[in-house]
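Here's the structure, in structure tokens; my notes come after.
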Amino acid sequence: MSAKVFSALWSEIEAIGRVSSGGYMRYALEQPELVLRDWFRNQAHRRDMPVTDDGNGNLFAWWGDQWGRDAVLTGSHFDSVPHGGGYDGPLGIVSAFLAIDQLRAAGYTPAKPIAVVAFVEEEGGRFGLPCLGSRLLTGAIEPARAAALTDRDGVTFGEALGATPAGPLPGLTSRIGALVELHIEQGRQLEAPVGVASAIWPHGRWRFDFTGHGDHAGTTRMADRRDPMLTFAYTVLAANKEARLAGAHATMARVEVEPNATNAIPSLVRGWLDARAADTPTMDAVVDAVVKRATERAGRDGTEVVVTAESISEEVTFDTALAGRLSAMLGDAPILPTSAGHDAGVLSAKVPTAMLFVRNPTGISHSPAEFAEPGDCASGVDALATVLRELT
Ligand code: GLV
Ligand code: MN
Ligand code: MN
């Protein structure tokens, strides 16, 4: 496929949800993402691909029998982190439609159904729990729990969806034969235009509620304060140190403060820890060490800390034989792990799953600076078409 053909379809969605930072505000089931979902339906319609909804907010565009046996799914997600890049997610969906165009132009007819999928709420940017759509589809979360998750304005996922989610797809393992998710690479490791995923680091999100005593910033003597901001600040540094010592990754990047006033000692600071490591014992050890140090520090500050695990994504090893087969088929494409989360990781617990990565020249992601060259994206489409042909 030429870079020009890729860019022509890509340009249709490039401006949707882009804000003045240059990044994207594409929260699941909110305005710009709803426009992208309409774009998805239009693309499917143009290609005579009927669209179904699984009752969980995930969309499927079908080439072949809807939910016939052994369907091969390919796609990704439209939602972004706040001010995120435009490639994380949508590249997999645009590439899926283009790969189908390429197969059809070559006169190919698949022996198994193919569906382009758009998973809902992959980033957890709106409702806090990543891969919500794929967790619902596979039964990894109770529909009632998903329905009750709230966004920052108090709107529940159930309200945004307009219903209680349907939950796991009946007969999932016989209906879905495989999933291939194409994604922009998000590390700094892929030097070839296209690579194949081997594994996903285990990762999770923990909410730390630090409570203290709200008071006047001007009149409260330093010795009398119970300031949760101090405990929070110490915990941020402790997370960084523990992760460095363990060769893991830990980040505290989201924070809420009450009352969030310049001249008031806060009564509450709520911060989220994102922790990841190459294996689960290492990740658990980092989190345990951070919690221990936060608790000790709270004792010294006269504050309290309560920690809640909001989501855990288990370590994923993709189907090794499948990854090897795809790599060979793509001219010995590099096989590499990632420390970013993906819906493919959730699906891999139930069905054979693979991921293709498209080179990211800077490695930057979850940032407006995320970028892939159109020529590499076109190579990604070619690779995906080859893989879909092989699997169907
Ligand atoms: C999603 O992209 C994540 O890795 O958090
Ligand atoms: Mn992401
Ligand atoms: Mn993604």
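Indexing begins at 1, ligand by ligand and atom by atom, following the structure's order.
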Q: With R37 as the cation and F78 as the aromatic partner, state whether NZ or CZ is under 6.0 Å from the six-membered ring centre and within 45° of the axis.
A: no
Q. Does the pair D209/R270 count as a salt bridge with the N-to-O cut at 4.0 Å?
A. yes
Q) Between F97 and W63, does a ring-ring contact (aromatic ring centres under 6.0 Å, His included) hold up when you go through it step by step? A) CA-CA 10 Å; F97 280 121; W63 182 17; over 10 Å; no
Q. Just by modelled atom types, is the A344 backbone N or O under 3.5 Å from a matching donor or acceptor in the E181 side chain?
A. yes
Q) When you measure from the side chain of T235 to the backbone N and O of T231, does any donor-acceptor pair fall under 3.5 Å? A) yes
Q | Test item: S367 side-chain N/O and A369 main-chain N/O as donor-acceptor pair under 3.5 Å | A | yes
Q) Is any side-chain heavy atom of I100 closer than 4.5 Å to a side-chain heavy atom of M49? A) yes
Q. Take atom CD in E315; do more than 12 heavy atoms of anything else shown fall under 6.0 Å from it?
A. yes
Q.
Give me the number of protein N, O or S atoms whose distance to the Mn ion (ligand 3) is under 2.8 Å.
A. 3
Would you mind writing out a table of all protein N or O atoms found under 3.5 Å from any N or O atom of ligand 1, naming both atoms and giving the distance to 0.1 Å?
residue, atom, partner, partner atom, Å
ligand 1, 2 (O), E123, OE1, 3.1
ligand 1, 2 (O), H366, NE2, 3.1
ligand 1, 4 (O), R276, NH1, 2.7
ligand 1, 4 (O), R276, NH2, 3.3
ligand 1, 4 (O), G341, N, 2.7
ligand 1, 5 (O), R276, NH2, 2.7

Q | Test: R276 cationic atom under 6.0 Å from W201 six-membered ring centre, within 45° of axis | A | no
